[in-house]
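Computed from heavy atoms alone, side chains included, the values below leave out hydrogens, waters and symmetry copies. Every chain is numbered from 1 and lettered A, B, ... according to where its sequence line falls, protein lines coming before strand lines.
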Amino acid sequence: MQQPREKVDEWEPKIIAFLCNWCSYAGADLAGVSRLQYPPNTRIIRVPCSGRISPLLILRSLQHGADGVLVSGCHPGDCHYISSNYVARRKFAILNNFLDYLGIEKGRVQFAWISAAEGKRFAELVQKVTEEVRTLGPATRLVRKQG
Amino acid sequence: MKELEIAKTEVVSLLNTLIRKYKVFAPVEQNSFITFQEIHAGSEAFLDYINSKRPPKEIFFPQSERLFSYDLSKGEGWGVEEPTLEEKQKIIFGIRPCDARSLVLLDNVFDGQLYKDPYYTDKRKNTTIIAIGCNQPSSTCFCTSLGGGPFSQDGSDLLLVDIGQKYIIQVVTERGEKLAKEHNNFKEAEDHSLSLMRDNIETAEALIKSKIEVQKVTEKLDSMFDDPFWDLVSEKCLGCAVCTYLCPTCYCFDINDEVIAQRGERVRTWDSCAFPNFTLQASGVNPRPSSKERLRQRIMHKFNYFVANHGMAACVGCGRCIKECPVNLDIQVVLNSILNRQDIG
Amino acid sequence: MLNTSVAIRDIAKKLLDEKKVDLIIGFEKGSVPLRSTPCFVRSTSEADRLIWNVNCENNLAKYLPKIKEKVGIVAKGCDVRSIIGLIKENQVTREQVFIIGIPCKGMIDRRKIEVKLDGKEILEAEEKDDTIILKGHNLKETIKKEEFLHDSCKTCTHRNPVIYDVLIGDKVVEDQAADEYRDVKEFEAKSHDERWQSFSDEVSKCIRCYACRNACPFCYCQECFVDSSQPQWIGKTTNLSNTAIFHIIRAFHAAGRCVDCGACDRACPMGIDLRRLTKKMEMDVKDLFHYEAGISLEDVPPLATFNPDDPQEFILV
């Protein structure tokens, strides 16, 4: 099957968002239903809980060419699975510090808590993150190059 | 052709001359250890060394090698691209005789009667090997037990012997002779130089204390497959790939596709029989489930199976595995244990 | 003066005789100078192989996960902390392990000696009090042990085993003043670009032999993420992306568990500064969650628990 040639005149950031099913994904859905505008650069992947997020998912996204990664879950205390997001918060803290330590630009990988009622906040957040990633430019540091 | 000689002070300019016509690989100091790299100036070569950390097999059999790539995104079919042939003639300068022999050994595998690997043979056929013999073999060297020696000519086109201010050049092959004739910095060796050379060779060979009767090891291994010996000797093995990746004669590889979206490449990468999943089959069965089976495999392959298939042990006695093994699992100790093993039953 | 090797042999023989253990894991003389090698002893006659010296740098706790036998293990301060971690992670039970604890003044980094000798080969090494006498071709040099210790030993804060069943020798003075995170802080002071460049240069040396992973007592997964093919998390080639992610994830998997025994660093044949990564993990776990690995059998590993007040300034709320 022939794929259409990609016309890339101007680079647009590609952002992968891992959203927890119960809060953040519902919040994104609410943004859509409310017809709120936000940049189309974000591709959403639904996961059961932010506690499911492994650094492997985040790094693989960067390896495969994501310019930014957003991870979002329920607010602490509101996790559908009671305490998973608390444990996730610890993992995220360690990973966030570590990536910064190694020289991955601040703003490439971001974490948020978005509830199911926060449709407007989700749109604003995506706007903010997209602009930050746009300023950083295309990701080069962990991308797997060919050859 | 008679032996030639060249003053050490002229080696840099010799290399510079060679670099103009050939792709020259020489030992280079990088990150406080020695590896073989392409040099662009004679002064980059570092010749005052025992041996390189990484084996020179990687010049012909790189750790990661692209077999072909494809690109679907161009919209013109698969867009398959194969790597271009190595056209330029190459020289490997300063390789040790053990490593030169390892290339002859690898030729059995990659350039054999039935199978010829073009990715290997392309690089190999255009290469001249200029080895430098070892005046001071390391205490971990045991090349003489494997049919080699600090001044073995196997695999070299020219063999250099360091006699202090000069190198004596032994011309081994026609290819070496052709190269030697191209260069007029080579003079005919003086008698005095030749006698120094013979002294050096004698001293060096005497320094290798290790004398393992490898032929007896091969014979003993014929009946040792089920010997409980393997449980004991493998207990401390960590199952990493230090010995296999740094070994100049190990050649197992894996083939994978590395794909990102619509572009991918098929790559060949080094693999190690020490890894647990090396023999993991699609059914889930693993015929070598523990370090016992895997260490047994390593030893049997090198000192029994390869001998049966190719007439030589798959080891050149370079000692890298001994130096670098994180738990000091010494192959010489294993071989001696095999020799001392009492026959069971 | 106590001869530690003899003391270890005596206790080993006693334990095997009394059938308190089936196996003793210790060290015996290596096959080359400045090396000792792990040794597995199952009978009193074999126990005479056991020794102790400044080359006993491996972490023998590596051999404990999933072990079925009752085992006596010779363990220095850092090794004991690993054993505590493994017990907490249910890889071995406290009852299975008879800890022969050795207060440790540090192990020698033979690579530092090789650098000092500028490539001259060491044919003989003899320990004498605080020094080591090195001999080779046209070489005789005496060096001070404390100048050639592994970096992890120089800043060690738990030289004495935290728990043990028998202690061989007197406890040594703990050096609490050493700034064990000095290198991490120095690295943090560099710019993002400098850090990335330095990290890339360092991991570019990697040959993916996985000696670091295999030497670590905490790397005991049945299937390591690098071997996963469905999905394949990282490729097998040695390009920077694959290798960098391997090291990032390996360090991450050790977070909260790593006790800085240095086994990874010592195993690496290419001399990669792995502790630059693991030390950062250790520092963060201490700063953020006030946890130190391998000290207590009771506390919960930090990434398996939480505190409602955990720091979250980095999270976009």
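- The heavy-atom pair separating Ala211(C) from Val242(B) by the smallest distance is CB-CG2, 3.6 Å.
- Across all non-hydrogen atoms, the minimal contact from Tyr245(B) to Arg208(C) is CE2-O, 3.4 Å.
- Heavy-atom distances place the side chain of Asn242(C), and not its backbone, under 4.5 Å from chain B.
- Heavy atoms of other residues, nucleotides or ligands lying less than 6.0 angstrom from CD of Glu127(C) number more than 12.
- By the 4.5 Å heavy-atom criterion applied to side chains, Leu238(B) and Tyr63(C) are counted as neighbours.
- Within 6.0 Å of NZ in Lys29(C) there are 12 or fewer heavy atoms belonging to other residues, nucleotides or ligands.
- When the shell of 6.0 Å around CD of Glu213(B) is examined, it contains 12 or fewer heavy atoms from other residues, nucleotides or ligands.
- Within a 6.0 Å radius of NZ in Lys8(B), more than 12 heavy atoms belonging to other residues, nucleotides or ligands are found.
- Atom CD of Glu124(C) has 12 or fewer neighbouring heavy atoms from other residues, nucleotides or ligands inside a 6.0 Å radius.
- At a 4.5 Å heavy-atom cutoff, the contact between Lys62(C) and chain B is made by side-chain atoms alone.
- The environment of CD in Gln281(B) is crowded: more than 12 heavy-atom neighbours from other residues, nucleotides or ligands sit within 6.0 Å.
- Around the NZ atom of Lys211(B), the shell of radius 6.0 Å holds more than 12 heavy atoms that belong to other residues, nucleotides or ligands.
- Atom CD of Glu81(B) is surrounded by 12 or fewer heavy atoms from other residues, nucleotides or ligands within 6.0 Å.
- If you measure heavy-atom distances from Asp271(B) to chain C, you find no contacts under 4.5 Å at all.
- Between Val327(B) and Pro38(C), the closest heavy-atom pair is O-CD, 3.5 Å.
- Checked for salt-bridge contact, Lys323(B) and Glu114(C) miss the test: no charged N lies under 4.0 Å from a carboxylate O.
- If you measure heavy-atom distances from Glu65(B) to chain C, you find no contacts under 4.5 Å at all.
- Ranked by heavy-atom pairs under 4.5 Å with chain B, the list Thr238(C), Ile207(C), Val32(C) is led by Ile207(C).
- In this structure, Glu258(B) contributes its side chain and Lys236(C) its backbone to a donor-acceptor pair below 3.5 Å.
- Side-chain contact check for Thr237(C) versus Glu265(B): every heavy-atom pair is 4.5 Å or farther apart.
- What you find for Arg35(C) and Cys325(B) is that their closest heavy atoms are NH2-O, 2.8 Å.
- Looking at Tyr49(B), there are no atoms closer than 4.5 Å to chain C (heavy atoms on both sides), in backbone or side chain.
- Here the CD atom belonging to Gln222(C) is positioned 10.0 Å from the CG atom belonging to Asn277(B), to the nearest 0.5 angstrom.
- For the atom pair Leu232(B) CG and Glu46(C) CD, the distance stands at 7.5 Å (nearest 0.5 Å).
- Taking all atoms of both residues into account, the shortest heavy-atom contact from Lys205(C) to Arg54(B) is O-NH1, 4.3 Å.
- Counting heavy atoms from C-beta outward, Gln232(C) and Asn256(B) have side chains that approach closer than 4.5 Å.
- With a 4.5 angstrom heavy-atom cutoff, Tyr210(C) touches chain B via backbone and side-chain atoms both.
- Heavy-atom pairs under 4.5 Å with chain C peak, among Cys240(B), Ala274(B), Gly239(B), at Cys240(B).
- Remark: Asn138(C) CG to Gln136(B) CD distance equals 7.5 Å, nearest 0.5 Å.
- Residue contact with chain C, scored on non-hydrogen atoms closer than 4.5 Å, involves the side chain of Leu207(B) exclusively.
- The closest side-chain donor-acceptor pair between Ser31(C) and Asn328(B) falls under 3.5 angstrom.
- For the pair Asn58(C)/Lys236(B), no side-chain contact is recorded, criterion being any heavy-atom separation below 4.5 Å from C-beta on.
- What you find for Ser139(B) and Glu121(C) is that their closest heavy atoms are OG-OE2, 2.6 Å.
- The backbone N or O of Pro269(C) sits less than 3.5 Å from a side-chain atom of Lys53(B), completing a donor-acceptor pair.
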